[in-house]
Amino acid sequence: MSKKCKMFLSGVVEGFYGRPWTMSQRKELFRREQKWGLNTYLYAPKDDYKHRMYWRDLYSLEEADQLMTLISAAKERNVEFVYAISPGLDITFSNPKEVTALKRKLSQVSGFGCRSFALLFDDIETEMCPADKEMFSSFAEAQVSVTNEVFLHLEEPHTFLFCPTDYCAAFCTPSVPRSAYLNTVGEKLNAGIDILWTGPKVVSQDISVASIEEVSAVLRRPPVIWDNIHANDYDPQRVFMGPFKNRPTELIPKLRGVLTNPNCEFEPNFVAIHTLATWCSFRQKDVSMDGDDQGSDYNPHDALRLALTDWLVEFGRADQPDGARGGRSKREASDEEPMQTDGYVPGPKDNPLYTAEPLTLEDLTLLSELFYLPYEHGATAVLMLQELHWLRRHSHTGDDPEQGKDWRRRAEKFDDMCGAVVQMFNRLSNVPNRIILYDLYNYICDIKSGVTMAKAYVKTLGGQTPHPALALTDDPEPWGFRGGLSGEFQRMLPSHGIRDLFRCAPATRVYTIRPCTPKDQPEVQRIFKEMQTETQQKVELVGDRLVEGHVTPSQSCSLILDDASGVCGYAFALSDAKTAMTKAQYPETMLQDFPSVMAIQIHSRVPDHSTAKRLIEQMLSALRDSGSKGVFSEFRSNDRRMFDFLKTLDVFQVLKVDGLPTNLVIMGTKL
């Protein structure tokens with residue numbers, strides 16, 4: 001086979017876990033790729049059982065016909081169809097019958113007209129079976145041996161890709177240059193085979209020139225980037241519609257290609273693929289012979305706006321899930337007014353007919369910024385979080401009229417931003433293109449619900465009464481709490497929240513929540529005495545007896561909060577508060593609803609409210625498991641720091657208790 005210059009691979013991987021795309025969606029992808037200047041499609045859906053789980057099985061006549069149709073459709077659009085197979089789950093590399101089965105399967109696909117292939121060994125166990133250990137000195141050698149044999153069997157196909165098991169820097173031990181696995185692959189894999197690489201991590205926030213030069217030296221060839229920056233198969237609550245970014249165009253001449261493995265939902269990938277195409281369009285400039293072209297470089301913001309402008313046109317097409325694409329022309333979809341109830345015309349005193357507002361470019365920009373990228377929110381999302389954080393922290397403006405005026409002004413601004421999200425939701429819900437809408441609907445419904453709750457919360461902070469359905473109570477409607485069982489599990493884990501994209505505390509702070517031990521008592525007492533010194537109020541509290549050790553906390557109800565400097569907070573609880581009382585301190589009516597008591601204190605050096613909330617929620621979970629139906633916590637009235645700190649967490653509510661001393665505040669929550 002004569003040597004020829006390989007084309008730069010640019011396009012899309014269908015390589016996610018979940019429901020594969022349909023045939024019509026793939027054909028639409030080919031159309032878009034051709035239009036935008038991309039040239040490659042890598043067929044690797046994890047849930048195609050003959051691609052991965054039953055890789056040995058040949059395709060049936062019906063399946064073969066579908067694949068031939070798809071390969072032909074790609075060729076018609078000048079898109080290179082790369083068929084990938086993943087035998088790594090259970091292949092015995094040393095068994096000739098296994099290698100024969102692999103060759104037979106790929107020969108069948110070659111007969112369908114496919115000229116490019118990929119062998120994927122990602123996301124598999126690295127322990128070899130006894131038979132393979134007898135023949136091969138390493139896992140890498142076993143993979144390389146079979147891959148080289150298959151490559152030669154296919155008579156050096158047009159493109160042949162290999163995905164290593166260690167496909168990112170984070171998987172390489174002890175490092176990329178010193179990885180025995182990668183060095184074996186680089187040394188022994190046939191030079192005609194290209195290697196897939198995801199960058200520093202599985203989902204890489206940045207891919208630098210230096211990192212590519214490093215891995216290229218080990219692999220002895222430039223890699224093809226399998227880019228997961230827009231992948232969402234690991235989190236069903238997230239979708240990514242920000243631009244392709246944090247990959248400098250200086251990478252282009254140092255790569256064999258870039259393929260994006262985007263969102264599971266097909267339609268939201270318009271932005272991901274469109275902006276990748278814009279990025280790839282700088283290839284000719286960057287590899288120009290004279291090097292004199294010093295024009296403008298790729299700008300993610302400009303690329304995003306260009307993509308959204310084109311996507312807006314697609315929203316105007318009257319496509320239905322069960323109909324052919326483009327059932328009506330774009331002109332018909334955008335100009336024709338929908339008919340309502342046989343020409344009904346309302347009277348002068350009747351309600352006017354509902355008229356759907358058209359979707360705008362500003363709406364799509366907002367949509368993108370709310371669902372941006374894995375490691376960052378868009379500008380509007382960040383601004384909304386900042387405003388909500390400020391409104392929470394400054395809700396107690398006291399009698400200062402200027403502070404109160406500023407708070408109301410910013411509350412109104414936040415209200416307007418929330419209103420824009422709801423308006424975007426309403427406009428999206430009425431677009432002619434229902435295919436796009438249905439791919440987006442769960443996400444936009446979720447964000448609408450979230451901002452509506454935040455809007456109601458700010459009204460509550462301002463002394464207004466929100467709609468009853470949005471009231472923040474101890475017994476909320478289901479939309480008032482998120483996440484289901486998965487959310488419950490995450491809130492119990494010590495790492496939950498430390499990777500929030502919006503951080504109010506320094507990112508270097510790491511906190512640990514753990515059980516209290518006898519060795520912690522000196523530090524606990526120190527924090528307790530500091531608090532007493534601050535408040536200088538002598539009030540007998542039930543919780544004090546827990547902290548001082550006079551009463552033993554209930555099982556699993558003594559927790560310590562640690563940071564790098566040591567103990568910085570604690571929480572102790574008793575499921576039956578009456579057992580710690582020397583007298584009837586509180587009314588029986590209160591204790592019936594709130595039978596448990598919790599003593600909590602957070603050191604002033606802890607600015608992160610989410611950390612305290614995790615500590616409290618872990619304690620509440622333990623009390624709930626004990627069968628308690630409510631818990632209260634006591635505070636001296638001049639302990640404003642702790643009182644305000646807890647109030648912002650929205651976990652406890654101030655309880656109205658008859659006969660309570662004026663220098664005592666009781667907060668509680670039902671379980």
Side-chain angles (χ1 to χ4, degrees), residues 4-15 21 25-43 70-82 115-116 118 158-159 161 194 196 207 222-230 240-263 266-291 293-314 317 325-326 330 368:
K4 62 179 181 179
C5 181
K6 293 182 177 181
M7 71 174 179
F8 183 88
L9 302 178
S10 60
V12 178
V13 183
E14 186 182 344
W21 292 335
Q25 287 173 332
R26 290 164 180 156
K27 291 178 181 179
E28 173 62 15
L29 171 65
F30 302 155
R31 184 190 71 82
R32 293 177 182 179
E33 285 195 275
Q34 182 185 44
K35 180 179 179 181
W36 299 336
L38 301 174
N39 57 35
T40 304
Y41 165 72
L42 176 56
Y43 176 88
L70 199 61
I71 293 167
S72 176
K75 286 182 179 179
E76 289 175 4
R77 297 291 184 178
N78 295 318
V79 172
E80 189 69 19
F81 185 100
V82 183
R115 59 179 184 172
S116 294
H158 187 268
T159 297
L161 303 174
D194 293 299
L196 293 161
I207 300 179
V224 175
I225 295 298
W226 171 311
D227 207 320
N228 289 318
I229 193 62
H230 286 95
F240 303 113
M241 291 178 279
F244 189 78
K245 64 178 297 192
N246 297 329
R247 286 97 171 102
T249 53
E250 288 79 10
L251 284 172
I252 293 176
K254 299 180 181 296
L255 294 172
R256 171 77 170 88
V258 179
L259 306 175
T260 180
N261 178 40
N263 299 284
F266 177 75
E267 293 297 343
N269 291 320
F270 193 98
V271 171
I273 301 169
H274 194 292
T275 55
L276 170 65
T278 302
W279 185 87
C280 289
S281 69
F282 285 81
R283 180 171 63 90
Q284 294 300 325
K285 183 190 76 170
D286 287 353
V287 299
S288 59
M289 294 290 292
D290 55 22
D293 189 348
Q294 300 296 323
S296 61
D297 198 1
Y298 173 79
N299 184 305
H301 181 269
D302 293 343
L304 175 61
R305 189 166 184 84
L306 180 62
L308 295 177
T309 300
D310 286 352
W311 201 20
L312 183 61
V313 176
E314 296 294 316
R317 300 178 63 170
R325 255 196 101 78
K330 294 177 186 176
S368 171

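Here the structure is a predicted model, which means the values were calculated and not measured.
- The line from CZ of Arg31 to CD of Glu76 is 14.0 Å long, rounded to the nearest 0.5 Å.
- A distance of 5.0 Å separates CD1 of Ile71 from CZ of Phe81, quoted to the nearest 0.5 Å.
- Within the 4.5 Å cutoff, side-chain heavy atoms of Thr275 are placed close to those of Tyr298.
- With Leu259 as reference, Val224 is the one residue of Val224, Leu276, Asp227, Ile225 to meet the side-chain contact (heavy atoms from CB on, under 4.5 Å) rule.
- The two residues Phe8 and Cys280 make their nearest non-hydrogen contact at CE2-SG, 4.3 Å.
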>> Working note: Leu304 + Val271, criterion side-chain contact (heavy atoms from CB on, under 4.5 Å); need CA distance, chi angles, decisive distance, verdict.
In response: CA-CA 7 Å; Leu304 175 61; Val271 171; 3.6 Å; yes

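- Across all their heavy atoms, Thr309 and Arg305 have their closest contact at OG1-O, 2.7 Å.
- At least one side-chain heavy atom of Trp36 sits under 4.5 Å from a side-chain heavy atom of His274.
- Taking the salt bridge (charged side-chain N to carboxylate O under 4.0 Å, His left out) definition, one finds that Arg115 meets it with Glu80, sequence neighbours left out.
- Formation of a donor-acceptor pair under 3.5 Å by the Asn263 side chain with backbone atoms of Phe240 is found in this model.
- For Glu267 and Arg32, the salt-bridge test passes: some basic side-chain N is under 4.0 Å from an acidic carboxylate O.
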>> One pair to check against ring-ring contact (aromatic ring centres under 6.0 Å, His included): Tyr43 and Trp21. What are the steps and the verdict?
In response: CA-CA 10 Å; Tyr43 176 88; Trp21 292 335; over 10 Å; no

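- A pairwise comparison of heavy atoms in Ala73 and Phe30 identifies C-CD1, 3.8 Å as the closest pair.
- More than 12 heavy atoms of other residues, nucleotides or ligands sit less than 6.0 Å from atom CZ of Arg77.
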> Checking side-chain contact (heavy atoms from CB on, under 4.5 Å) for the pair Ser10/Val258: CA distance, chi angles, key distance, verdict?
Replying inline: CA-CA 5 Å; Ser10 60; Val258 179; 5.9 Å; no

>> Checking Arg26 against Tyr41 for the side-chain contact (heavy atoms from CB on, under 4.5 Å) test, could you report, in this order, the C-alpha distance in whole Å, the side-chain angles of both residues, the deciding distance, and whether it holds?
In response: CA-CA 9 Å; Arg26 290 164 180 156; Tyr41 165 72; 3.4 Å; yes

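- A donor-acceptor pair is defined here as one N or O able to donate and one able to accept, closer than 3.5 Å; no such pair exists between the side chain of Thr260 and the backbone of Ile273.
- Annotation: side chain of Leu29 is not in contact with side chain of Glu14 (no heavy-atom distance under 4.5 Å).
- Here the closest heavy-atom approach between residue Glu33 and residue Gly11 is recorded as OE2-CA, 3.3 Å.
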>> Checking Trp279 against Ile252 for the side-chain contact (heavy atoms from CB on, under 4.5 Å) test, could you report, in this order, the C-alpha distance in whole Å, the side-chain angles of both residues, the deciding distance, and whether it holds?
In response: CA-CA 9 Å; Trp279 185 87; Ile252 293 176; 3.4 Å; yes

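- Every side chain to side chain contact (heavy atoms under 4.5 Å, CB included) that Ala118 has, sequence neighbours left out, goes to Leu42, Val82, Ala84, Leu120, Leu161.
- Between Gly242 and His230, the shortest heavy-atom distance links the atoms O-NE2, 2.7 Å.
- The distance from the CD atom of Gln34 to the CG atom of Asn39 is 11.5 Å, given to the nearest 0.5 Å.
- Pairing each heavy atom of Asn269 with each of Pro262, the nearest pair is OD1-CB, 3.0 Å.
- By the 4.5 Å heavy-atom criterion applied to side chains, Pro223 and Leu255 are counted as neighbours.
- Within the 3.5 Å criterion, the main-chain N or O of Met7 finds a donor-acceptor partner in the side chain of Arg256.
- Listed for the Ser116 side chain is a donor-acceptor partner under 3.5 Å among the backbone atoms of Thr159.
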